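Got a structure here, written out as structure tokens. Questions coming.
In this text, all values refer to a predicted model and were calculated from it rather than measured experimentally. So you know, we letter chains A, B, ... as the sequences are listed, proteins then strands, and number each from 1.
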2 protein chains.
Amino acid sequence: MNAREKKIYWAKAKVLKALAHPTRLWMAEQLAGGERCVCEFVDAVGVDFSTVSKHLAVLKKAGIVADEKRGKKVFYRLKVPCVLNFMDCIESVIRSESSCECR
Amino acid sequence: MNAREKKIYWAKAKVLKALAHPTRLWMAEQLAGGERCVCEFVDAVGVDFSTVSKHLAVLKKAGIVADEKRGKKVFYRLKVPCVLNFMDCIESVIRSESSCECR
DNA sequence: CCGTTGTTTGGCAAAATAGCCAAACGTCGT
DNA sequence: ACGACGTTTGGCTATTTTGCCAAACAACGG
């Protein structure tokens, strides 16, 4: 793994890392059903406004979502929907793990 | 997001988190080309034996790879190859980010 | 049985992450 | 201009993650 490769894998890992949090993953999936404002997530997730905002900022910085301000509210939308194609595979990992992992 | 859902998303995030590290992601991709022993990775990645071992343990615990001891060496193989299907999408995120993210 | 090789484990320090609070900011209605 | 609402930012602490070192283990060769 040379320096160039290292850079590439660091970038890829950043995208994965953005999704690798229960709340962020859940929010990303919600956005698949259409845009949502921050306040909607706050109610649904049950954490602080600032926490939701920071999570969304992580997703945005990773290039996964985009935000748009309309009036007082900020709406987030899924910029790259393919990120959710992965979920079937993830679920198969979880299933195979629980069936094969002996203890 | 109720308690049940929270559990599910926590589990999904765990799998993603396992892949969300440059070294682990790189190793997972290497394993797509067939099994490798720990020592091969040590040479290629340039970190400590123990570090490689721990990274592989994370992937194993997540259910992504499996290990098998043969003689002195431990060989790791990709248990769920679909995890790499995601890479095209990740790359498109990176591309769209660099082209659209205005600064 | 001893040394060597390949790997894992425990322990530690440094760095990154998560989530709360308080404060700041932008937009709207009045 | 003022207050209310929706959001972001800064700061703080607690927790997690990373990676090195040293020690422990396991399997083989002589």
Between D:dT17 (C1') and A:Lys14 (NZ): distance, integer Å = 19 Å
Selection from C:dT9, C:dG19, D:dG19 that lies nearest to any side-chain heavy atom of B:His21 |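 It is D:dG19.
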Which whole-number value in Å describes the distance from B:Phe75 CZ to D:dA27 P?
-> 15 Å
Could you tell me whether A:Arg24 contacts a base, only the sugar-phosphate backbone, or nothing, with contacts defined as non-hydrogen atoms closer than 4.0 Å?
->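 A:Arg24: backbone/sugar contact only, no base atoms under 4.0 Å.
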Considering only heavy side-chain atoms of B:Lys73, the closest of D:dG19, C:dC20, C:dT7 is C:dT7
Are B:Arg70 and B:Phe75 in a cation-pi contact, defined as NZ or CZ under 6.0 Å from the six-membered ring centre and within 45° of the axis?
-> yes
What's the closest nucleotide to the A:Lys69 side chain, out of C:dG26, C:dA18, C:dT8?
-> C:dG26
Calculate the interatomic distance between B:Leu59 atom CG and C:dT8 atom C1'; express it in whole Å.
-> 16 Å
If you check the B:Ser50 side chain, which of C:dC21, D:dC20, C:dG19 turns out closest?
->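 Out of C:dC21, D:dC20, C:dG19, the nucleotide with an atom closest to B:Ser50's side chain is D:dC20.
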Rounded to the nearest Å, what distance is computed from the CG atom of residue A:Asp67 to the P atom of nucleotide D:dG6?
->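 The distance from CG of A:Asp67 to P of D:dG6 comes to 18 Å, rounded to the nearest Å.
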Nearest-nucleotide check on DNA chain D, A:Asp48 vs A:Lys17; residue mapping nearer the 5' end is A:Asp48
What integer distance in Å separates B:Glu35:CD from C:dT7:P?
-> 12 Å
Distance check: side-chain N/O of A:His55 vs OP1/OP2 of D:dT8, anything under 4.0 Å?
-> no
Answer yes or no: is there a side-chain heavy-atom contact under 4.5 Å between A:Asn2 and A:Glu5?
-> yes
Any B:Pro22 side-chain heavy atom under 4.5 Å of A:Lys6 side chain | no
Donor-acceptor pair under 3.5 Å: do we get one between A:Lys54's side chain and the base of D:dG10?
->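 Flag set: donor-acceptor pair detected.
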N/O (side chain, A:Thr51) to phosphate O (OP1/OP2, C:dC20) under 4.0 Å = yes
Closer than 4.0 Å, any side-chain N/O of A:Tyr76 to the OP1 or OP2 of D:dT8?
->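 It does, given that an N or O in the side chain of A:Tyr76 lies less than 4.0 Å from OP1 or OP2 of D:dT8.
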Nearest-angstrom distance from the residue atom CG of B:Leu25 to C1' of D:dT18 =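 To the nearest whole Å, that distance equals 17 Å.
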For the residue pair B:Phe41 and B:Trp26, categorise the inter-ring angle as parallel (less than 30°), tilted (30 to 60°) or perpendicular (more than 60°).
-> perpendicular
From B:Lys79 atom NZ to B:Asp67 atom CG, the distance as rounded to the nearest 0.5 Å |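 Nearest 0.5 Å value for the NZ-CG distance: 9.5 Å.
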Please give, in whole Å, the distance from C:dT5 P to B:Asp43 CG?
-> 14 Å
Answer yes or no: side-chain N or O of A:Lys72 and base N or O of C:dG29 forming a donor-acceptor pair under 3.5 Å.
->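 No, no donor-acceptor pair under 3.5 Å.
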Rounded off to whole Å, could you give me the CZ-to-P distance for the A:Phe49 and C:dA24 pair?
-> 19 Å
